[in-house]
Amino acid sequence: MLQRGPSSLHKRPRQWITLVLLICLTLLTTSSAAPRKNTKKKLPPLNLPPLKTQEQKMQLLGYIRQNMPTLRQGSRVSFSSQDLDKALALELGDTISQAAPLIDDETFIRRASLDLTGTLPSAEKIKTFVADQNSNKRSDYIDELLETEAYARKWARYWTSVIFYESEANKRRVNPEALEDWLAEQFRKGAPWDYITVMLISATPERNKKKKNDYGQDYGPNNFVLACENKSTELASETARIFMGISIQCAECHDHPFDNWKRIQFHELAAFFHPYTYKMPSQEDPTVSTVVKPRFLLGEKPYENMKSDARRVSIAAYLAYNPQNYWFARAYVNRIWSELIGDGFYDVDSLGPDGDVVHKPIVNRIAANFRYKDFDPKWVFRLIMNSQVYQREMRTMDSPSELFTAIRPSRLRPDVVANSVSHVIGENPQLRKEIDTVFDVNPSLPQSTLEGSIQQALLLMNQRELQQALSQSELKQKLLGITSNEELVQSLYLNVLARNPTPDELQRNVSYLQSSEKRDEAVEDLLWVLVNCTEFRTKR
């Protein structure tokens, strides 16, 4: 974890302190300069100790972090969910009058549980929550969910998927499970997002030649670098995409056709990750190359003789702590907002200078306060989920002007669908694996572009193991033990869809039970119908 206090600073080697001061000076100086301006300032000779371990790197980042003015400013700034609703109402103008109504308690507890933990609430929890008269019960429930292991695991799985979804790395040389476990530990401990980010970016995995296919992948943070095959160009592209929301990979070969990125900027970014002298190939003749010095997108340059491990620490510092780099905080906020609301302010990988954006002042305010709040991931969840914009009913929106007047209907992620199936039939590893495969989807795509598939529908309708599990499930036996048809249907809906049936649904299901000769088969049919309804695999 990053050290937040100055108590041990005087115990560090003098060279480290020199490095801290120089990097901070560089950050503060370049942050106010034009991005491409070369100051030509002659820097003093630098004799640094090697940064051999992640702990040493984190100590260095911790010292840099303490010197960032925006973090010190944070204690005097507040931005509540009510402030968010007021600011959004101003942005929406007359459109706010068309906003969807707020959801009831049943809908809220299902939505919040699926969003934060990827699991359905139990029938008993739903009943208790609905009956609770505490006016703060929704806020309290959000806090309760944020402290669960399921919250840490769900979001660790999400970010692992973001990192690995398009990776072409040799599967024997990576370990996504180790990365997921490490991320889950960080979210469980409440680690700040900047700490998680710099741990990933500054990782320097080394090959163990004494052991076959050992590239250090069993240490979680190494897997971001290994997912990029430790290639400088891939690391530059993925660092910009995941941690800044910027798609810059086109600039590897030519100036970006739709954004304001030049080819030289891409290769200057890649030079940070290269262990030796970095060379950019000529566009006309691939056998000819030009030496390129590392320079961050906002113009910061590390010391020329800085070793590769220190350069990775410096780019992590430029990324997270330069107050002019608003993309870092905005990229995280935009992703979480998009996951919770169904639409982002931007497409999640399109935050560049020329990216289309809606309600820019809102995302700017949330991102600024995210920085002030020490990059606390839970603060972002609390802010959004306690707001009215999160607690509105769902509605399909056709135009950008309607965005955020309702929640967009969203398909559940594959692991969440698998959790919901397990909630009904119990855990089945083979079936979970099949659902993960069939429902797999790029986590960086916007919900508005996602569509279901025939394979997904067929799996829930016809998969033999699932049918057997439904017929033999504890839930079915529990339902068969209920003599009252009305109570049976109510229990069925609470356990499968996490809500009570409507009067019409209650009447139709009771009629079906009464008309069926075999109660056992009728209950199995009703279970099958609910597992196959659209509501079961979407957010309500």
Note, [X] side chain near [Y] side chain (heavy atom, < 4.5 Å):
X: K125; Y: I109; value: yes
X: Y278; Y: T233; value: yes
X: N322; Y: F328; value: no
X: S444; Y: R241; value: yes

Among all residues two or more places apart in sequence or in another chain, which pass the side-chain hydrogen bond (donor to acceptor under 3.5 Å, both in side chains) test with [X]?
X: Y390; result: D115
X: R408; result: D343
X: N230; result: R312

What's the spacing between [X] [atom1] and [Y] [atom2] if we round to 0.5 Å?
X: L90; Y: D85; atom1: CG; atom2: CG; result: 11.0 Å
X: L383; Y: N369; atom1: CG; atom2: CG; result: 8.0 Å
X: C228; Y: E238; atom1: SG; atom2: CD; result: 5.0 Å
X: E393; Y: R540; atom1: CD; atom2: CZ; result: 11.0 Å

Requested in this report: Show your reasoning for whether salt bridge (Lys or Arg N to Asp or Glu O under 4.0 Å) applies to K378 and E147.
Outcome: CA-CA 10 Å; K378 293 181 181 178; E147 298 306 318; 3.1 Å; yes
Between [X] and [Y], is there a donor-acceptor pair closer than 3.5 Å when you use the side chain of the first and the backbone of the second?
X: S387; Y: I384; value: yes
X: T239; Y: L235; value: yes
X: N325; Y: L319; value: yes
X: K137; Y: D132; value: yes

May I ask you to decide if the ring planes of [X] and [Y] are parallel, tilted or perpendicular, using 30° and 60° as cut-offs?
X: W193; Y: F187; result: parallel
X: W159; Y: Y332; result: parallel
X: F375; Y: F370; result: perpendicular
X: F129; Y: Y141; result: tilted

Report task. Report the residue from R111, R392, R110 that forms a side-chain contact (heavy atoms from CB on, under 4.5 Å) with I103. Result -> R111
Distance alone, cut at 3.5 Å: any donor-acceptor contact between the side chains of [X] and [Y]?
X: R138; Y: N386; value: no
X: R173; Y: Q217; value: no
X: R382; Y: S81; value: no
X: N419; Y: S422; value: no
X: N175; Y: N223; value: no
X: Y346; Y: D356; value: no

Query raised in the report: For Y326 and M244, what are the C-alpha separation, side-chain angles and deciding distance, and is it a side chain to side chain contact (heavy atoms under 4.5 Å, CB included)?
Result: CA-CA 9 Å; Y326 53 83; M244 298 175 72; over 6 Å; no
**Report entry** Derivation of the salt bridge (Lys or Arg N to Asp or Glu O under 4.0 Å) call for K154 and D415
**Finding:** CA-CA 8 Å; K154 191 221 171 184; D415 55 309; over 6 Å; no
Query raised in the report: What about W155 and F381, are their ring centers closer than 6.0 Å?
Result: yes
Query raised in the report: Quick one: are the ring centres of W337 and F404 less than 6.0 Å apart?
Result: yes
**Report entry** cation_pi(R311, F272) dist<6.0 Å, angle<=45
**Finding:** no
Query raised in the report: Do you know which of R157, R153, R188 makes salt bridge (Lys or Arg N to Asp or Glu O under 4.0 Å) with D181?
Result: R153
Requested in this report: Write down the atom of N222, the atom of G216, and the distance for their closest heavy-atom approach.
Outcome: ND2-O, 2.8 Å
Query raised in the report: Taking 4.0 angstrom as the limit, do R413 and E339 come out as a salt bridge?
Result: yes
Query raised in the report: When you look at L450 and L445, which way does the side chain to side chain contact (heavy atoms under 4.5 Å, CB included) test go after all the steps?
Result: CA-CA 7 Å; L450 301 183; L445 291 178; 3.9 Å; yes
Report task. Determine, step by step, whether K360 and F345 satisfy the side chain to side chain contact (heavy atoms under 4.5 Å, CB included) criterion, reporting the C-alpha distance in whole Å, the side-chain angles of both residues, the deciding distance to 0.1 Å, and the verdict. Result -> CA-CA 7 Å; K360 189 174 182 178; F345 298 95; over 6 Å; no
Query - Test side chain to side chain contact (heavy atoms under 4.5 Å, CB included) applied to M394 and K539, step by step - result: CA-CA 9 Å; M394 293 210 162; K539 189 161 76 171; 3.6 Å; yes
Query raised in the report: Hey, is NZ on K231 packed in by over 12 heavy atoms from elsewhere, all under 6.0 Å?
Result: no
Query raised in the report: Going through the distances and angles, do T197 and D194 end up as a side-chain hydrogen bond (donor to acceptor under 3.5 Å, both in side chains)?
Result: CA-CA 5 Å; T197 301; D194 61 326; over 6 Å; no
